[in-house]
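Let me begin by presenting the structure, written as structure tokens, before commenting on it.
A note on names: the letters A, B, ... follow the listed sequences, proteins ahead of strands, and every chain is numbered from 1. Bear in mind the structure is a predicted one, so any value in this text is a computation, not a measurement.
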Amino acid sequence: EAGVTQSPTHLIKTRGQQATLRCSPISGHTSVYWYQQALGLGLQFLLWYDEGEERNRGNFPPRFSGRQFPNYSSELNVNALELEDSALYLCASSLLAGVTDTQYFGPGTRLTVL
Amino acid sequence: QKEVEQDPGPLSVPEGAIVSLNCTYSNSAFQYFMWYRQYSRKGPELLMYTYSSGNKEDGRFTAQVDKSSKYISLFIRDSQPSDSATYLCAMSGVGGSTLGRLYFGRGTQLTVWP
């Protein structure tokens, strides 16, 4: 069974640009979660999508947004990039909505903002 | 005060040693407690999860939760060089703004040398 996949692996942008990160959940999983792992800060919850709807959001500004498509894949958009947005962005999926004991993570997209 | 505190280490032990990893937390609403392992340049991999207080054993790994002290532990017996990774504790609540989100510690970097 294929795990959570993310693309691209690496992304380099300059300050002020927009970044789009993509995630495909495990087959059959309907919930997708996004986390930011910045150096020295640990994983911080960004967003949770289930059945195409945003269900919960972490303490991040509105320029962090996303969506979930009918096939349950998801996209994270970061507008007006700032240097401190440089981080590893991790996507996770779960079979049951909001069940936090079984979130499976992908390998992440490393975003570098210059 | 951060909601989940974890000593980042680094922790270095010889092969065969018993390793003890710990986290403390402040939110009494947390009900699910997890340990993830993250190898360099990979996404976190779920190792153990526990609901509420108690112990759980899986092979060489034992997870303990003491809700009265807001303290969780992971013990690794007969540690192996392949256990060298960053260990992340995570926890979550069951409703409200905590639904669907994991709260992570910063991670403890463990090295097991032969």
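- Note on B:F61 and B:I72: same hydrophobic cluster, where clusters join Ile, Leu, Val, Met, Phe, Trp and Tyr whose side-chain heavy atoms are under 4.5 Å apart, directly or indirectly.
- Across all their heavy atoms, B:P44 and A:L43 have their closest contact at CG-CD2, 4.2 Å.
- Around the CG atom of A:N59, the shell of radius 6.0 Å holds no more than 12 heavy atoms that belong to other residues, nucleotides or ligands.
- Atoms OG1 and CE, from A:T102 and B:M34 in turn, are 9.5 Å apart once rounded to the nearest 0.5 Å.
- Of the two parts of B:Q31, neither the backbone nor the side chain holds a non-hydrogen atom closer than 4.5 Å to a non-hydrogen atom of chain A.
- Follow the hydrophobic side-chain contacts under 4.5 Å out from A:L76 and you never reach A:V4; the two are in separate clusters.
- In this structure, chain B has a heavy atom under 4.5 Å from the backbone of A:L41, while its side chain stays farther away.
- Proximity to chain A at a heavy-atom threshold of 4.5 Å picks out B:G105, B:R106 from residues 105-114 of chain B, in numerical order.
- The hydrophobic clustering, which links ILVMFWY residues whose side-chain heavy atoms are closer than 4.5 Å, places A:F105 and B:L46 together.
- Under a hydrophobic clustering in which Ile, Leu, Val, Met, Phe, Trp and Tyr are joined whenever their side-chain heavy atoms come within less than 4.5 Å, directly or via other members, A:L46 and A:L111 fall into the same cluster.
- Between A:N56 and B:L99, the closest heavy-atom pair is ND2-O, 2.9 Å.
- Heavy atoms of other residues, nucleotides or ligands lying less than 6.0 angstrom from CG of A:L39 number 12 at most.
- If you chain together hydrophobic residues whose side chains sit under 4.5 Å apart, A:Y33 and B:Y36 fall into the same group.
- A:F45 CZ: more than 12 foreign heavy atoms inside a 6.0 Å radius.
- Heavy atoms of A:L47 lying under 4.5 Å from chain B are absent altogether.
- Rounded to the nearest 0.5 angstrom, A:Y35 OH and B:L102 CG are separated by 3.5 Å.
- For A:Q6, no part lies under 4.5 angstrom from a heavy atom of chain B.
- The number of heavy-atom neighbours closer than 6.0 Å to CZ of A:R63, taken from other residues, nucleotides and ligands shown, is above 12.
- For A:Q103 (side chain) and B:R101 (main-chain N/O), no donor-acceptor pair under 3.5 Å exists by modelled atom type.
- Rounded to the nearest 0.5 angstrom, A:Q37 CD and B:T86 OG1 are separated by 8.0 Å.
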